[in-house]
Number of protein chains: 2
Amino acid sequence: MNIYDVSKHAGVSIATVSRVLNGNPNVSEKTRNKVMNVMAELGYTPNVFARGLGLNTMQTIGIMCSDSSDPYLANAIYYLERALRSFEYDAILCCTGYDLDAKQKYFNLLRSKRVDAIILAGSKFVEMRPKDNSYLIEAAKDLPLMLVNGYLEGENIYSTLCDDHAAMHHAATGLLKSGRRRILYLYTSYSFSGVNKMEGYKDAYRDFGLPLNESLICQCAKDISVARDTLLGLHGQGLEFDAVITSDDSLAVGAVKYAHEAGISIPDQLSVIGYNNSLLSRCTDPEITSIDSKVEALCTTTINTLMGVFSGMNVPSRTTIASDLIKRQTTNF
Amino acid sequence: MNIYDVSKHAGVSIATVSRVLNGNPNVSEKTRNKVMNVMAELGYTPNVFARGLGLNTMQTIGIMCSDSSDPYLANAIYYLERALRSFEYDAILCCTGYDLDAKQKYFNLLRSKRVDAIILAGSKFVEMRPKDNSYLIEAAKDLPLMLVNGYLEGENIYSTLCDDHAAMHHAATGLLKSGRRRILYLYTSYSFSGVNKMEGYKDAYRDFGLPLNESLICQCAKDISVARDTLLGLHGQGLEFDAVITSDDSLAVGAVKYAHEAGISIPDQLSVIGYNNSLLSRCTDPEITSIDSKVEALCTTTINTLMGVFSGMNVPSRTTIASDLIKRQTTNF
DNA sequence: TTGTATGCGTTATCAG
DNA sequence: CTGATAACGCATACAA
């Protein structure tokens with residue numbers, strides 16, 4: 001069942017069938033109807049492979065993410081896929097893990113599949129050492145690269161990101177204004193996004209005119225129990241803090257658990273602020289005040305930008321979206 | 001840059017290049033090396049569209065799910081993608097929502113993309129009315145259909161599912177044995193999986209020799225707050241229950257919140273059991289005892305079965321996987 | 001407005 | 001073991 005069959009049944013040439021198929025206006029109404037009827041009758045569906053070969057595109061975008069089961073990325077993937085589909089693009093998903101070699105391998109794999117663009121979802125794709133990003137910059141010569149919540153400078157590379165610095169600055173300032181002085185900063189990684197968040201935290205202290213206490217900055221694995229135990233450990237060592245602000249909601253959940261276990265009342269004795277406003281922030285009691293990094297806006301903007309790139313429009317190489325602070329019960333300001 | 005360029009540079013025919021490309025043994029070691037060197041030198045990558053056209057496959061599987069941001073499905077997608085990639089297949093993701101028309105539309109869209117198989121992830125794709133499933137049964141004549149945690153009988157349809165009935169039966173029996181008598185069953189939907197779970201709950205009562213109290217069976221939306229408020233409402237109406245067992249972890253989180261709000265102690269006065277053993281079950285205090293529906297095993301088994309189908313092996317049309325009960329702090333047995 | 005002919009980059013058949 | 005050539009199904013430039 002191909003275009004020849006349709007042309008035969010309709011008594012026209014394959015060129016005409018192709019025109020009807022592609023909505024070419026240079027077809028008489030009568031012919032168009034005839035062809036359409038035959039196609040419906042025969043249940044004809046164009047062969048996407050042949051179409052892809054001719055047009056050198058299959059309207060497919062590659063989405064790379066380190067771990068699609070992470071709540072934040074799961075949301076991102078959902079919104080990206082939905083937005084892409086609204087423009088009639090398909091999404092090939094590729095979960096890479098966190099290893100650079102694996103990321104490069106999968107990136108090249110995706111390129112060899114001739115996707116029309118690659119979306120890097122999450123801030124884990126931009127490495128600290130510039131030379132580790134050269135494969136991305138090089139590849140962008142061939143196809144648009146879209147970063148969701150990451151930033152990389154380069155021709156044909158477009159970044160859409162949440163203003164993590166401002167978000168964290170605002171949240172920490174809120175805590176300071178409410179009288180908290182010893183805000184513990186709990187973070188997971190030094191990714192692009194991670195660095196911005198930490199700077200926001202630091203600058204909040206500076207702009208508030210208070211000295212920064214480096215011992216209040218603490219790294220831990222992205223895991224509820226690990227975060228809880230880390231805080232219990234610090235508490236046991238005598239470290240004092242009256243607030244915890246985290247780079248991810250899961251750590252904030254750990255902080256709430258720590259307070260329960262240590263018999264510390266929230267928010268009276270301890271304030272907690274999480275990041276991402278994920279489902280997790282609504283699971284605990286009290287529910288967690290969290291920074292909404294606007295995943296949905298991030299994703300739809302990314303896709304809109306991509307469509308702009310495809311249609312040759314002049315689009316910004318970097319778009320920043322403001323975050324929101326969703327106040328719940330772990331803060332009292 | 002195509003196969004002709006390579007053949008020219010290597011001084012062989014395109015047929016030979018193609019043989020090298022496909023690992024055909026009928027090529028002399030010498031020729032093979034020569035061609036391989038030229039390919040590496042030129043940085044040649046075969047064109048997947050042309051390949052797809054010739055072979056009528058692009059090694060791509062469609063994954064449909066109602067909502068990829070749901071924690072359970074997000075996990076499933078992660079494992080499915082990983083397993084598929086280990087067999088060098090790509091995954092096209094398609095989030096359909098819950099509307100039947102939309103599901104059908106996207107299903108046909110995916111078919112028109114000539115994927116090699118379609119995976120229906122989650123129990124929301126099998127409708128109550130048989131005629132609403134006929135489009136699936138019909139389509140299975142053309143390509144394998146894999147159901148993850150759903151069951152549909154039909155030629156070329158393969159289901160891998162968790163024994164929800166046994167899981168719920170086991171959990172409810174545990175509660176009964178521990179002395180609970182009024183177990184509230186909170187569920188979200190009448191999907192295939194949902195019906196099995198409820199039957200497990202009912203049969204637990206029957207097999208334990210106790211009468212079933214229909215007023216203890218209650219439906220509510222899949223939302224933490226809605227679940228909490230539903231329970232508060234029932235409690236306010238004077239309904240008594242000493243345990244809550246739910247069809248999804250999010251409802252169980254709501255149950256824990258309800259207990260907090262109503263001043264009921266867990267697990268002394270109220271036991272809670274969730275379903276799916278998702279991240280949510282570890283967020284609350286106390287952490288929730290939950291039924292592990294073995295998503296990973298479900299997914300890897302699904303893909304292994306699929307590969308069996310592709311290689312013409314005789315594979316079971318239905319595979320059942322046993323669940324686990326992960327005991328945490330909301331139960332005392 | 002319609003038809004003819006050719007190209008897209010492979011795979012596969014068949015002959016040597 | 002190798003090469004020439006015909007599919008595969010569509011898009012499109014050019015001709016009519």
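By convention in this document, chain letters (A, B, ...) are assigned in the order of the sequence lines, proteins followed by strands, and residues within each chain are numbered from 1.
Comparing A/Val27 and B/Tyr44 against DNA chain C, the residue whose closest nucleotide sits nearer the 5' end is A/Val27. Across the interface with DNA chain C, nearest-nucleotide mapping of B/Met1 and A/Arg32 shows A/Arg32 to be the residue nearer the 5′ end. Along DNA chain D, the nucleotide nearest B/Ser28 and the nucleotide nearest B/Ala50 are compared for position; the residue whose nucleotide lies closer to the 5' end is B/Ser28.
Of all the residues in residues 15-26 of chain A, A/Ala15, A/Thr16, A/Arg19, A/Asn26 reach under 4.0 Å from DNA chain C with at least one non-hydrogen atom.
Here the closest heavy-atom approach between residue B/Asn24 and residue B/Val27 is recorded as O-CG2, 3.6 Å. Taking all atoms of both residues into account, the shortest heavy-atom contact from A/Ser159 to A/Gly150 is CB-O, 3.2 Å.
Annotation: side chain of A/Leu21 is not in contact with side chain of A/Val6 (no heavy-atom distance under 4.5 Å).
Identified under the salt bridge (Lys or Arg N to Asp or Glu O under 4.0 Å) test for residues 72-94 of chain A, with sequence neighbours left out: A/Glu81-A/Arg85, A/Arg82-A/Glu296, A/Arg85-A/Asp90, A/Asp90-B/Lys113. Listed by first then second residue, pairs satisfying side chain to side chain donor-acceptor pair (under 3.5 Å) with a partner in residues 297-306 of chain B read B/Thr160-B/Thr302, not counting sequence neighbours. Sorted by first and then second residue, the side chain to side chain donor-acceptor pair (under 3.5 Å) pairs involving residues 91-108 of chain A (not counting sequence neighbours) are A/Lys103-A/Glu127. Within the structure, side chain to side chain donor-acceptor pair (under 3.5 Å) pairs that include any residue of residues 38-47 of chain A do not occur (at least two apart or interchain).
The ring-ring contact (aromatic ring centres under 6.0 Å, His included) search around A/Tyr4 returns none, not counting sequence neighbours. Under the rule for a salt bridge (charged side-chain N to carboxylate O under 4.0 Å, His left out), B/Glu153 has no partner lying at least two apart in sequence or in another chain. Annotation: salt bridge (charged side-chain N to carboxylate O under 4.0 Å, His left out) contacts of B/Arg19 (sequence neighbours excluded): none. Residues satisfying the salt bridge (charged side-chain N to carboxylate O under 4.0 Å, His left out) criterion with A/Glu138, sequence neighbours excluded, are A/Lys141. Judged as a salt bridge (charged side-chain N to carboxylate O under 4.0 Å, His left out), and not counting sequence neighbours, the contacts of A/Asp70 are A/Lys222.
For the OP1/OP2 pair of D/dG9 and a distance below 4.0 Å, the side-chain nitrogens and oxygens of A/Asn47 include no atom meeting the criterion. Taking only side-chain nitrogens and oxygens, B/Thr31 comes nearer than 4.0 Å to OP1 or OP2 of D/dT2.
For the pair B/Phe49 CZ and D/dA11 C1', the interatomic distance rounds to 14 Å; values are reported in whole Å. Between the CE atom of B/Met58 and the C1' atom of D/dC8 there is a distance of 15 Å, given to the nearest Å. The interatomic distance linking B/Ile14 (CD1) with D/dA4 (P) rounds to 9 Å, in whole Å. Look at CG on A/Asn56: it is 15 Å from C1' on D/dT12, rounded to the nearest Å. Across the protein-nucleic acid pair, B/Ile3 atom CD1 and D/dA6 atom C1' stand 15 Å apart, rounded to whole Å. Rounded to whole Å, the distance from CZ on B/Arg114 to C1' on D/dC8 is 11 Å.
Within 4.0 Å of B/Leu53, counting heavy atoms only, lies at least one base atom of the nucleic acid. Contact annotation for A/Val12: backbone-only contact, meaning every heavy-atom pair under 4.0 Å involves sugar-phosphate atoms and none involves a base.
In 5' to 3' order, the nucleotides of DNA chain C bounding all contacts with chain A (an atom under 4.0 Å from a heavy atom) are C/dT1 to C/dG9.
One axis for each end of the helix from C/dT1-D/dA16 to C/dG16-D/dC1, each built from five base pairs, and the angle between them comes to 40° at 10° resolution.
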